[in-house]
Amino acid sequence: MDGQSNDLTKEDCKETSSVVVCFGEMLIDFVPMVGGVSLAEAPAFKKAPGGAPANVAVGISRLGSSSAFIGKVGADEFGYMLADILKQNNVETSGMRFDSNARTALAFVTLRADGEREFLFFRNPSADMLLQESELDKDLLKKARIFHYGSISLIDEPCKSAHLAAMSIAKNSGCILSYDPNLRLALWPSADAARKGIMDIWDQADVIKISEDEITFLTGGDDPYDDNVVLKKLFHPNLKLLIVTEGSQGCRYYTKAFKGRVSGVKVKPVDTTGAGDAFVSGILHCIASDQTIFQDEKRLRKALYFANVCGALTVTQRGAIPALPTKEAILQFLLEAAVI
C-alpha cells in the first residue's frame with residue numbers, strides 16, 4: 001500500500017461546522033527552562049497549558065473545524081487562565097466547570113538526557129477528577145459529530161462515572177466515539193488497574209489511536225509491529241479505524257476492509273510534546289468533514305498523511321498548544337515540500 005499517492009489538495013480535509021467534543025483533563029504543565037535535565041536538576045520551570053483532550057480541542061479549532069471541551073478546572077487563577085486559552089482558540093467552553101474546593105491539576109514534565117520523559121503530577125484530588133455526571137452539558141454532547149476522550153478521566157470517581165455517562169449520551173446520539181488511551185502509568189494505582197481500566201471501554205470506540213509502547217503494555221509484552229497481534233488482540237468488530245502511531249516514522253492503519261502504513265514527515269524536532277495530540281486533531285478534523293474515509297482507502301491515506309504533517313509541524317516548536325499548526329501552515333508546508 002505504500003505506493004499510493006499521499007497528494008493533498010485544498011479540498012481534502014476541508015473545514016466543517018460539525019462539532020468535535022473533547023472530554024477530560026486540562027491542566028498546567030511545568031516544563032524546565034533548560035533541556036536534558038531531571039526534574040530535580042531543573043533550575044526553573046515555564047508554565048504551559050496542557051492535557052491531551054484540551055490540546056486536541058485546540059488543534060481541531062486551529063484547523064478550521066468546530067470543537068468544544070468538557071472538563072473541570074479549579075476556580076483559581078490557573079483554571080481561569082486555561083478557560084481563556086480555549087476561548088482565544090475558538091474552542092466552545094460551555095461544558096467547562098469550575099470547582100471552588102479543588103485546585104487545577106499541575107504536572108511537572110521533563111525530557112531527560114537519556115530521552116525518557118519524567119512526570120510528576122499534583123492531583124490530590126485535582127478539579128478534573130471531581131467532574132460529576134450531573135454537571136455534564138448534555139445538549140453539547142447530543143449535537144456532537146465526534147466525541148473524543150482519553151483514559152485519565154477513567155481513573156477516579158466521580159469523573160469516571162461522568163465519563164461513562166457522556167460516552168453513552170454521545171453514542172445514543174449517533175456520535176462517532178474516538179479514543180486515545182494516552183497511558184500515564186504513574187496516575188493509576190497499578191499496571192493491572194491501568195490495563196483493565198483502558199480495556200474496559202475498548203469495544204465501544206469507533207476510532208482508536210495508540211502508540212507502539214501502548215500496544216506492548218496492553219497486550220502484556222507482544223510485538224507492537226506484528227499485524228496479527230494488533231488484529232487479534234486490539235481490533236474489535238465495532239471498530240471503524242485503528243491507528244498505530246510510530247512517531248517520525250508515520251503510522252499504520254487498520255479497518256475491516258484494509259490495512260497499511262503511511263510514511264512520516266521529516267522535520268528537525270525541537271520538542272515532541274503534543275505531537276500525538278496534533279496527529280489526533282488532524283485525523284478527527286478530516287473525519288468530521290468526510291466520514292466516507294472509513295470505506296475509501298485513498299482518502300483515508302490522504303487524511304492520515306495530513307495528520308502526520310500536523311504532528312511533524314508541532315515538534316518544530318516548544319510546547320503543545322502554542323505549537324499546534326493552523327490549516328494555512330500545513331498547506332504552506334506541503335507547498336514548500338512540493339507535495340501539492
Side-chain angles (χ1 to χ4, degrees), residues 1-18 20 56 59-60 62-65 145-146 148 174-180 205-212 225-228 230-231 234-267 275-314 325-340:
M1 297 312 310
D2 282 328
Q4 286 191 11
S5 168
N6 288 322
D7 287 358
L8 284 163
T9 69
K10 289 182 189 290
E11 288 305 305
D12 292 308
C13 305
K14 54 187 175 292
E15 294 180 15
T16 172
S17 59
S18 304
V20 181
V56 171
I60 287 167
R62 290 247 177 105
L63 294 173
S65 288
R145 171 73 62 87
I146 298 172
H148 176 72
C175 204
I176 290 173
L177 298 192
S178 164
Y179 187 19
D180 175 4
D206 299 296
V207 176
I208 296 175
K209 172 254 168 193
I210 46 172
S211 67
E212 303 145 291
Y225 301 100
D226 186 337
D227 282 351
N228 290 325
V230 175
L231 290 168
L234 297 175
F235 199 87
H236 64 76
N238 301 323
L239 208 48
K240 291 180 167 69
L241 176 63
L242 176 65
I243 305 165
V244 180
T245 52
E246 300 178 346
S248 62
Q249 298 303 306
C251 63
R252 282 176 280 152
Y253 58 89
Y254 303 84
T255 72
K256 291 186 184 72
F258 43 76
K259 62 184 171 69
R261 71 183 310 280
V262 176
S263 57
V265 180
K266 295 290 180 281
V267 293
D277 299 330
F279 177 93
V280 172
S281 302
I283 192 63
L284 294 185
H285 165 72
C286 294
I287 292 170
S289 62
D290 178 15
Q291 291 182 34
T292 67
I293 67 173
F294 297 126
Q295 291 83 39
D296 185 331
E297 188 169 12
K298 187 178 179 184
R299 293 191 74 79
L300 175 62
R301 290 180 61 82
K302 285 183 176 182
L304 289 169
Y305 187 73
F306 179 90
N308 281 344
V309 174
C310 291
L313 288 186
T314 301
T326 61
K327 184 76 169 287
E328 292 71 29
I330 290 167
L331 292 174
Q332 183 63 32
F333 175 88
L334 293 169
L335 202 59
E336 290 173 0
V339 174
I340 293 181

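Every value quoted in this text rests on a predicted model; they were computed, and no experiment measured them. Computation of the quantities below employed the complete heavy-atom set of this structure, encompassing side-chain atoms and omitting hydrogens, waters and symmetry-equivalent molecules.
Put simply, NZ on Lys240 and CD on Gln291 are 7.5 Å apart, with the number rounded to the nearest 0.5 Å. Note that CD1 of Ile330 and CG of Leu335 are 13.5 Å apart. Values are rounded to the nearest 0.5 Å. In this structure, Asp227 CG and Tyr254 OH are separated by 3.5 Å, a value rounded to the nearest 0.5 Å. One distance of note links CD1 of Ile176 with CD1 of Ile287; it measures 6.0 Å at 0.5 Å rounding. Note that the CG atom of Leu284 and the CG atom of Asp277 stand 10.5 Å from one another [nearest 0.5 Å]. Here Ile283 contributes atom CD1 and Leu300 contributes atom CG; the two are 6.0 Å apart, rounded to the nearest 0.5 Å.
For the pair Cys310 and Gly282, the tightest heavy-atom approach, listed with the atom from each and the gap, is SG-CA, 3.8 Å. Across all non-hydrogen atoms, the minimal contact from Ala312 to Val267 is O-CG2, 3.5 Å. Taking every heavy atom of both residues into account, Arg299 and Thr292 meet most closely at CD-OG1, 4.2 Å. Considering every non-hydrogen atom in both Pro325 and Thr314, the closest pair reads CD-OG1, 3.4 Å. In terms of heavy atoms, Arg252 sits closest to Arg261 at CG-CB, 3.8 Å. Contact detail for Ser263 and Asn308: the closest heavy-atom pair is O-ND2, 3.0 Å.
Annotation: side chain of Ile210 is in contact with side chain of Leu242 (closest heavy-atom distance under 4.5 Å). Between Val207 and Tyr179 there is no side-chain heavy-atom pair separated by less than 4.5 Å. Residues Ile208 and Phe235 have side chains not in contact (no heavy-atom distance under 4.5 Å, counting atoms from C-beta outward). Side-chain contact between Lys259 and Val230 is absent, with no heavy atoms from C-beta onward closer than 4.5 Å. Within the 4.5 Å cutoff, the side chain of Thr255 has heavy atoms near those of the Phe258 side chain. The shortest side-chain heavy-atom distance between Ile60 and His148 does not fall under the 4.5 Å cut-off. For the pair Val20 and Val56, the minimum side-chain heavy-atom distance is 4.5 Å or more. Annotation: side chain of Leu304 is in contact with side chain of Phe279 (closest heavy-atom distance under 4.5 Å).
Other residues, nucleotides and ligands contribute at most 12 non-hydrogen atoms within 6.0 Å of the OH atom of Tyr225.
In this structure, the side chain of Arg145 engages the main chain of Ala288 through a donor-acceptor pair within 3.5 Å. In this structure a side-chain-to-backbone donor-acceptor pair under 3.5 Å is present from Asp206 to Leu177.
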Q: Under the side-chain hydrogen bond (donor to acceptor under 3.5 Å, both in side chains) rule, what do Gln332 and Glu336 come out as? Steps first, then yes or no, please.
A: CA-CA 6 Å; Gln332 183 63 32; Glu336 290 173 0; 2.9 Å; yes
